[in-house]
Each structure stands twice: as C-alpha cells, then as structure tokens.
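Input: a single structure, listed below in structure tokens.
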There are 2 protein chains.
Amino acid sequence: MSETELFRALADPTRRAVFERLADGEMNATELRQGFEMSQPAMSQHLAVLRGAGLIAEQKLGRNVLYRINPAGVAQMHTWLSRYNAFWPKRIDELKKLLREMDQ
Amino acid sequence: MSETELFRALADPTRRAVFERLADGEMNATELRQGFEMSQPAMSQHLAVLRGAGLIAEQKLGRNVLYRINPAGVAQMHTWLSRYNAFWPKRIDELKKLLREMDQ
DNA sequence: GAATCACATAAGTGTATGCTTATGTATTAG
DNA sequence: CTAATACATAAGCATACACTTATGTGATTC
C-alpha cells in the first residue's frame, strides 16, 4: 500500500465514484456497475486498482465477489493528511463539534 | 479545484514530495529544487499542476516566485476524506487526545 | 546597458493508463 | 448435464503525462 497507489487509485473520477459507492455498504461487481456506463472488464480493472492500493477488500462467495471499503487504506490517507493539520485553522471548532455529536 | 485534480496532483511521487517540502515553509522554485534530480522546467511543470489543483499558492516577488501550501486545498481533501470517518474506528480516542493537546 | 538569474512555455518522446472487444474459468440455475 | 452468470485476464488503441532540451520574457546585478 503506497501513497502513490492510494492517490493514483482515486485520481480517476470513475474509479473514485466506484469507491464512493462502496461507502454505502458491501457490494458485488454487478451491483457496483449499476448506474455506470461501463463495460464489465473496465469495472474489474478499476476494482483491481482499488484493491491493489489497499482501499478496498474482497470476499469471494462462489462466483460472486463482494467488495467493501478497507479501513486501513482510509486510515493511511488520514495519516498522510494529518501532517497538514497545521494548515487547517478551523479544525478546533469543527473537531469539538464532531466529538459532541459522537458522544450523543 | 476539482477532487480529480487534487488526487492527480498528489499521485506522482515526485510532485507529492515537492508538496511535502512546502510543509516546512514557503520557498521559491530554486530552493524547492534542491535535493531533487530534476530539470528546472520539470519543477515548473509540477508547480503548475499543484497550483492548478489549488494545493499551493504563489506570490511573485520580482523575478522570484514564492510558493506555499494553500489551506483551502488541504481542507478540501479533509472534507472528502471525512465521509469515510465511519470506517476509522479508532478516531474517537485519537481525536479526544488531539483536542486535549490543542487545549494546552 | 550587458550579462546573469529565475521562471514559464513549447515541443518532442517514451511510457502509462482508461477504455474497448475477445476470451477463459469457475460457479450457479434449471 | 447444459446454459447462463459472474468475474478475471489478454490484447489492442487513443490519450495523457512525466520527463527532457530549447527558447523566451522579465527582473536583478554589476
């Protein structure tokens, strides 16, 4: 899981939209394809890139493969981005607000 | 400032390293080039991509151009990533810790 | 004012990449 | 058991992109 792979995986708008779809929950490739004007092999390629980057994980159930977001990939991006927290002055108020919501 | 441009700008390892250098503070292109085996036009191109993506801002001082990190670009990435906070279970503890440190 | 410096832009090149059609393998349904 | 389904892989193509050398413009130095 390299940072380059992370960013490259998300740099393509189609592939990023696929990743964003998985935020709604685990899906197989056919479900993921709904709503996209895309061939089946294209989707397969995108999923391979996302998997290679560590952003998604798969689970084979017979001929079906279920894909879901891999928390480790998300965490890695968070870690990278956290270096730049000093450039984000509004974070204190927003984090406090977030924590308030979480504690409810 | 599109998300695609953001991710694409950071997807190249050289360019990401340039961006990471700017976290240390404002620099001109020649300073930025130190430590990189890179031609001057290559650096110019990278800076143009980062600027186009909204990740850096520039300030011209005569023939010198100073580059610095643009907080808005960082914030935009934060916003995108925050959609995936649900996949990051350790965040509550770490955020509380961060806030504690901030309040000191 | 000439020379030097700092940077942007142009043009070219080799490699990578997002798409396609074609094909293959494994699983499931009837 | 055959046909259909689900998905991965192969191969090809057009476009994008990170690099280079070459060049140009503007600012600074001497």
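Chain letters run A, B, ... following the sequence lines, proteins first, then strands; residues in each count from 1. Side chains included, hydrogens not; waters and symmetry mates left out as well; all remaining heavy atoms used.
dA8(C) atom P lies 7 Å from atom CG of Leu47(B), rounded to whole Å. One atom, CE of Met38(A), and another, P of dT21(C), lie 14 Å apart when rounded to the nearest Å. Summarising the geometry, the separation between CG on Asn28(B) and C1' on dA27(D) is reported as 14 Å, rounded to the nearest angstrom. Atoms CD (Glu37(A)) and C1' (dT21(C)) sit 17 Å apart, rounded to a whole Å. If you measure from atom CG of Leu10(B) to atom P of dC17(D), you get 14 Å, rounded to the nearest angstrom.
The listed nucleotides are dA8(D), dC19(D), dC19(C); the one nearest the side chain of Glu58(A) is dA8(D).
Between the side chain of Arg63(A) and the base of dC7(D), no donor-acceptor pair under 3.5 Å is found. The base of dA8(D) sits within donor-acceptor range of the side chain of Gln40(A), with an N or O pair under 3.5 Å. Put simply, the side chain of Gln45(B) and the base of dT20(D) share a donor and an acceptor less than 3.5 Å apart.
As judged by a 4.0 angstrom heavy-atom cut-off over every strand, Arg8(B) is placed among residues touching the sugar-phosphate backbone only. Using a 4.0 Å heavy-atom cutoff across all strands shown, Ser39(B) reaches at least one base atom of the nucleic acid. Backbone-only contact: Thr30(B) has heavy atoms under 4.0 Å from sugar-phosphate atoms and none from a base. At the heavy-atom level, Ala29(B) lies under 4.0 Å from the strands shown only through sugar-phosphate atoms.
The aromatic rings of Phe19(B) and Trp80(A) sit parallel, their planes meeting at an angle under 30°, below the 60° perpendicular limit.
Annotation: of the two residues near DNA chain D, Asn64(B) and Val49(B), the 5′-most nearest-nucleotide partner is Val49(B). Between Val65(A) and Pro41(B), the residue whose closest nucleotide on DNA chain D is further toward the 5' end is Val65(A).
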